There are 2 protein chains.
Amino acid sequence: MKWHELGEKNCPVARSLSILGDRWTLLIIRNAFLRTCRFEDFQKQLGITRHLLSDRLNRLVEKKVFKKVLYQEAPKRYEYKLTEAGLALYPVMLVLTNWGNTWMNEDGSHPPLEYVHKPCGHKTSPELRCSECGEEIHPRDMMPLMDGLQNNTGRPLAIPDSQDG
Amino acid sequence: MKWHELGEKNCPVARSLSILGDRWTLLIIRNAFLRTCRFEDFQKQLGITRHLLSDRLNRLVEKKVFKKVLYQEAPKRYEYKLTEAGLALYPVMLVLTNWGNTWMNEDGSHPPLEYVHKPCGHKTSPELRCSECGEEIHPRDMMPLMDGLQNNTGRPLAIPDSQDG
DNA sequence: ACGGTAAGTTCCATTTTAGAACGCAGAGAG
DNA sequence: CTCTCTGCGTTCTAAAATGGAACTTACCGT
């Protein structure tokens with residue numbers, strides 16, 4: 001399968017990954033959340049080659065994750081700002097942070113990155129909850145609705161009843 | 001920067017992406033959540049080359065996202081099952097599903113993948129909420145605690161106060 | 001004129017990936 | 001006992017992506 005075909009799949013995970021699923025894109029977006037918005041800064045902070053950075057930024061602009069904002073005429077210079085779609089990736093960052101803190105740090109050699117939820121003032125870890133009843137979501141409680149074939153297994157995106165068996 | 005160096009970074013996002021950040025890994029994990037657990041099935045469903053699939057599965061086993069479970073002696077055959085760390089990636093799948101449904105489907109050509117939360121019986125979209133106060137998390141409400149330099153910008157993983165300005 | 005800044009582009013060596021064919025260890029059929 | 005099939009890789013070659021460094025363009029300040 002060629003990579004660009006993934007964006008046409010009838011699976012939202014595949015379509016997300018058709019943009020986000022490479023070695024640099026999510027790191028670039030991470031740094032955008034860190035307020036980085038200029039080419040030189042992305043390049044220095046990430047150590048990505050200029051070639052690739054140029055390519056990735058263009059793709060993200062094309063896909064409406066970033067927008068270019070002019071900050072200087074003559075010569076024209078643009079900042080790369082997250083669009084609404086880009087900002088909507090914050091949950092992805094939080095969830096990856098959580099997972100990395102918990103599972104990629106088993107020897108405890110890295111201090112976990114913790115967050116304070118400013119409105120309540122407590123250290124928090126984000127939890128996924130049902131928008132309807134507010135209960136925390138457990139994988140086996142989720143039942144997908146299939147409007148069509150949603151993936152290439154013929155099975156819904158859900159966890160096995162007995163993954164460990 | 002070489003790719004393998006990413007796993008040693010003091011940033012949980014970078015460490016997560018050192019495993020998940022390539023073109024196939026999250027798709028393989030998606031299919032694992034779809035109950036796929038054998039080499040042939042992954043290969044047929046994803047259209048990934050056998051070479052790469054072998055490589056990725058081995059890496060995921062090594063990183064303790066999958067475990068090999070013997071299901072047949074002579075010749076020895078293994079199923080690839082998600083470990084606890086692997087199952088903990090379900091939020092990543094849900095969040096990517098949400099984002100793809102919302103932002104990678106602007107022409108409405110793909111029916112969204114919807115979920116029913118079985119305990120309450122309603123269609124749901126997962127929301128990130130504070131583990132302490134239960135309020136929904138908005139990017140600008142999050143204030144990271146820096147135990148050390150958590151990234152290579154010297155800035156915390158938080159959203160700009162004025163991203164649009 | 002000269003050095004500095006910002007954002008790419010170009011070039012080439014190395015690495016990764018795609019695609020198909022091949023290997024192997026049994027299992028079951030004839 | 002050969003013949004084919006299944007399951008799981010490994011090997012091979014060509015194509016694509018990536019890393020690393022140098023080069024280009026356009027302006028600015030001195």
Side-chain angles (χ1 to χ4, degrees), chain A residues 1-9 14 17-28 31-32 35-62 66-81 152-153, chain B residues 1-9 14 17-28 31-32 35-62 66-81 152-153:
Chain A
M1 181 165 55
K2 274 81 166 268
W3 190 248
H4 65 268
E5 295 171 347
L6 211 57
E8 296 138 32
K9 291 268 172 198
L17 292 177
S18 76
I19 296 180
L20 308 174
D22 75 88
R23 291 183 148 75
W24 287 110
T25 300
L26 279 169
L27 286 173
I28 291 170
N31 280 39
R35 297 182 178 77
T36 301
C37 52
R38 297 190 185 180
F39 187 94
E40 289 293 316
D41 294 331
F42 281 114
Q43 199 278 317
K44 281 171 197 150
Q45 290 158 16
L46 291 169
I48 186 177
T49 61
R50 313 175 72 72
H51 192 358
L52 270 198
L53 178 59
S54 177
D55 183 86
R56 294 296 184 272
L57 287 174
N58 284 146
R59 173 157 58 178
L60 287 168
V61 168
E62 182 196 323
F66 280 134
K67 61 190 168 190
K68 290 170 82 163
V69 178
L70 194 73
Y71 75 92
Q72 177 189 292
E73 293 274 1
K76 295 210 175 200
R77 292 286 182 257
Y78 297 90
E79 297 190 321
Y80 294 88
K81 301 277 200 178
N152 40 20
T153 67
Chain B
M1 179 167 57
K2 276 84 165 262
W3 189 248
H4 65 268
E5 296 170 348
L6 211 55
E8 297 137 32
K9 291 270 172 197
L17 293 177
S18 75
I19 296 180
L20 308 174
D22 74 87
R23 291 184 147 74
W24 288 109
T25 300
L26 279 169
L27 285 174
I28 291 169
N31 280 39
R35 296 184 177 79
T36 301
C37 52
R38 297 190 184 179
F39 188 94
E40 289 293 314
D41 294 332
F42 281 114
Q43 199 277 317
K44 281 173 196 149
Q45 290 158 16
L46 291 170
I48 186 177
T49 61
R50 313 176 73 71
H51 192 358
L52 271 199
L53 178 58
S54 178
D55 182 86
R56 293 297 183 270
L57 287 174
N58 284 144
R59 172 156 60 179
L60 287 167
V61 168
E62 183 196 323
F66 281 134
K67 61 189 168 191
K68 290 170 81 163
V69 179
L70 194 73
Y71 74 91
Q72 175 189 291
E73 293 276 0
K76 296 209 175 198
R77 292 285 182 258
Y78 297 89
E79 295 189 322
Y80 294 89
K81 301 276 200 177
N152 39 20
T153 68

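Values in this document were obtained by computation on a predicted structure and should not be read as measured data. In what follows, every chain begins at residue 1, and chains take the letters A, B, ... in the order their sequences are listed.
- Between A/Leu53 atom CG and D/dT18 atom P there is a gap of 13 Å when expressed in whole angstrom units.
- Side-chain nitrogen and oxygen atoms of A/Tyr71 include at least one within less than 4.0 Å of the OP1 or OP2 phosphate oxygen of C/dA7.
- Between the CD atom in B/Gln72 and the OH atom in B/Tyr78 there is a gap of 11.0 Å [rounded to 0.5 Å].
- Nearest nucleotide to the side chain of A/Arg50, out of C/dA6, C/dG8, C/dA18: C/dG8.
- In this model, the phosphate group of D/dT10 is approached by a side-chain N or O of B/Ser54 to a distance below 4.0 Å at OP1 or OP2.
- The CH2 atom of B/Trp24 sits 10.5 Å away from atom CG of A/Leu17, with the distance rounded to the nearest 0.5 Å.
- A/Leu52 has its CG atom 18 Å from the P atom of C/dT14, to the nearest Å.
- Using a 4.0 Å cut-off, some side-chain N or O of B/Arg56 falls inside it from OP1 or OP2 of C/dT17.
- In this entry the distance linking NZ of B/Lys44 with P of D/dG9 reads 14 Å, nearest Å.
- The listed nucleotides are C/dG8, D/dT11, D/dC8; the one nearest the side chain of B/His51 is D/dT11.
- For B/Tyr78 and C/dG26, the OH to P distance is 13 Å, given to the nearest whole Å.
- Taking CG from B/Leu27 and CD from B/Gln45, the interatomic distance works out to 11.5 Å, rounded to the nearest 0.5 Å.
- Counting only distance, with no hydrogens or angles, the side chain of A/Gln43 and the backbone of A/Ile48 share a donor-acceptor pair below 3.5 Å.
- Comparing D/dC8, D/dG19, C/dT9 against the side chain of B/Arg38 picks out D/dC8 as the nearest.
- Mapped onto DNA chain C by nearest heavy atom, B/Arg23 and A/Phe39 fall at different nucleotides, with A/Phe39 at the one closer to the 5' end.
- With rounding to whole Å, A/Ile48 atom CD1 is found 15 Å from D/dA21 atom P.
- Checked against D/dG9, D/dC8, C/dA18, the side chain of B/Trp24 finds its nearest nucleotide in C/dA18.
- Whole-Å rounding puts the A/Asp55 CG to D/dG20 C1' distance at 16 Å.
- Taking atom CD of A/Gln43 as the reference point, atom C1' of D/dA21 lies 11 Å away to the nearest angstrom.
- Atoms CD and OG, from B/Glu8 and B/Ser18 in turn, are 8.5 Å apart once rounded to the nearest 0.5 Å.
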Below 3.5 Å between N/O atoms, which protein atoms pair up with nucleotides 26-30 of chain D? Just atom names and distances, please.
{"from": "D/dC27", "atom 1": "O3'", "to": "A/Ala74", "atom 2": "O", "distance (Å)": "3.2"}

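- The two residues B/Phe39 and B/Arg50 come nearest to each other via the heavy atoms CZ-O, 3.6 Å.
- Within the structure, a side-chain polar atom (N or O) of A/Tyr80 is placed less than 4.0 Å from OP1 or OP2 of C/dG8.
- Note: B/Arg23 CZ to A/Arg23 CZ = 8.5 Å, rounded to the nearest 0.5 Å.
- Rounding to whole angstrom units, CG of residue A/Leu46 and P of D/dG20 are separated by 14 Å.
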